[in-house]
Protein chains: 2
Amino acid sequence: MLTMQPIGIVHSPYVDTAQIPKGLGAVHQAEGVLELHPEFEAGLTDIEAFSHLYILWVFDRASGCELIGTPPCDNRPHGVFATRSPRRPNPIGLTVDALLRRDGCNLHVRGVDMLDGTPILDIKPYLSSVPAAELRRRWRAEAEARQKS
Amino acid sequence: MLTMQPIGIVHSPYVDTAQIPKGLGAVHQAEGVLELHPEFEAGLTDIEAFSHLYILWVFDRASGCELIGTPPCDNRPHGVFATRSPRRPNPIGLTVDALLRRDGCNLHVRGVDMLDGTPILDIKPYLSSVPAAELRRRWRAEAEARQKS
């Protein structure tokens with residue numbers, strides 16, 4: 001067992017999961033603020049150099065774990081590790097946010113898909129991406145095709 | 001405080017951090033196996049649909065936290081949240097691996113940069129990427145330019 005501590009919290013326009021865009025074609029353009037606890041501010045040095053950040057956070061309002069479930073973007077069940085379901089063995093969320101500006105301990109970001117008050121575990125620079133030509137995401141693509149037909 | 005449990009372990013060719021390619025231009029082509037504990041196998045259903053996966057894991061052999069440090073790819077210090085340093089407040093690592101094949105509880109992957117025996121916390125599908133034209137990663141780019149000149 002490993003113990004983690006929140007390093008800050010998310011200020012988001014979303015107070016209920018029903019407000020968060022989900023499923024195929026969901027676009028996350030909401031702006032929010034990642035507020036770090038002051039003792040971690042030094043760790044933000046030079047973060048403005050990056051346009052995009054990985055945010056690791058806690059699904060603190062999800063309960064339990066479901067190894068097989070049906071995501072909002074499909075009508076077929078999939079394994080939890082093939083989805084972004086909050087009901088995971090370790091309830092860690094991962095979001096890529098665009099960094100708009102920094103104000104001390106506060107990172108103003110776009111692309112928030114967390115609830116207001118969500119605990120933050122880590123922030124990392126988004127360094128690279130897999131070339132589109134090499135990317136395969138089959139059941140998502142099939143679900144998209146079914147939805148369009 | 002939050003408690004996390006490993007869901008499996010990484011089988012990697014690397015037994016010492018000195019063996020892992022680091023710094024500018026590091027290419028991770030090493031193959032390895034992500035072995036999930038059998039009780040989580042159902043969660044892998046349909047994972048073969050994805051070409052790439054996010055792996056969340058624990059820097060279990062890193063000690064302590066350093067808010068400002070000099071990464072192997074630069075000669076200037078940066079905040080920990082602007083680097084991939086293992087000495088983080090919450091020692092969670094994040095890797096994008098290509099999925100080669102699945103064999104029961106075992107995911108054969110390429111792109112391993114973890115030590116052999118590393119505990120795995122979560123696996124998620126790699127769904128999208130930030131378009132290259134929108135991506136900025138300044139201190140990394142500057143360090144690359146300095147190294148070339």
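Naming: A, B, ... by sequence-line order, numbering from 1 per chain.
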Among residues 31-41 of chain A, those lying within the under-4.5 Å heavy-atom range of chain B are A:Leu36, A:Glu39, A:Phe40
All side-chain contact (heavy atoms from CB on, under 4.5 Å) counterparts of B:Asn75, not counting sequence neighbours:
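If we apply the side-chain contact (heavy atoms from CB on, under 4.5 Å) test to B:Asn75, skipping adjacent residues, the hits are B:Arg146.
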Roughly how far apart are A:Arg88 CZ and B:Asp122 CG, rounded to 0.5 Å?
4.0 Å
Is it the side chain or the backbone of A:Pro77 that comes within 4.5 Å of chain B heavy atoms, both, or neither?
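For A:Pro77, backbone heavy atoms alone lie under 4.5 Å from chain B.
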dist B:Leu121:CG -> A:Met4:CE (nearest 0.5 Å) comes out at 5.0 Å
Following the transitive rule for hydrophobic clusters with a side-chain heavy-atom cut-off under 4.5 Å over Ile, Leu, Val, Met, Phe, Trp and Tyr, establish whether B:Ile9 and B:Leu56 coincide in one cluster.
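Cluster IDs for B:Ile9 and B:Leu56 differ.
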Exam field: side chain A:Asp46 to backbone B:Ala82, donor-acceptor pair closer than 3.5 Å:
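Not a single qualifying donor-acceptor pair exists.
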Restricting to non-hydrogen atoms, name the atom on B:Phe81 and the atom on A:Ile47 that form the minimum distance, rounded to 0.1 Å.
O-CD1, 3.4 Å
A:Ile92 versus chain B, the contacting section by heavy-atom distance below 4.5 Å
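When you check distances to chain B, atoms from both the backbone and side chain of A:Ile92 fall under 4.5 Å.
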For residues 57-71 of chain B, which side-chain N or O atoms pair as donor and acceptor with protein atoms under 3.5 Å away, sequence neighbours left out?
| unit_1 | atom_1 | unit_2 | atom_2 | d |
| --- | --- | --- | --- | --- |
| B:Trp57 | NE1 | B:Thr95 | OG1 | 2.9 |
| B:Arg61 | NH1 | B:Asp116 | O | 3.2 |
| B:Arg61 | NH2 | B:Asp116 | O | 2.9 |

Between A:Pro119, A:Ala42, A:Pro6, A:Gly79, the one whose heavy-atom pairs under 4.5 Å with chain B are most numerous:
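The residue among A:Pro119, A:Ala42, A:Pro6, A:Gly79 with the greatest pair count is A:Gly79.
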Treating B:Asn90 as the side-chain partner and A:Gln5 as the backbone partner, does any N or O pair qualify as donor plus acceptor under 3.5 Å?
yes
Report the residues that fulfil salt bridge (Lys or Arg N to Asp or Glu O under 4.0 Å) with B:Asp113, sequence neighbours left out, ordered by chain and then residue number.
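B:Arg84.
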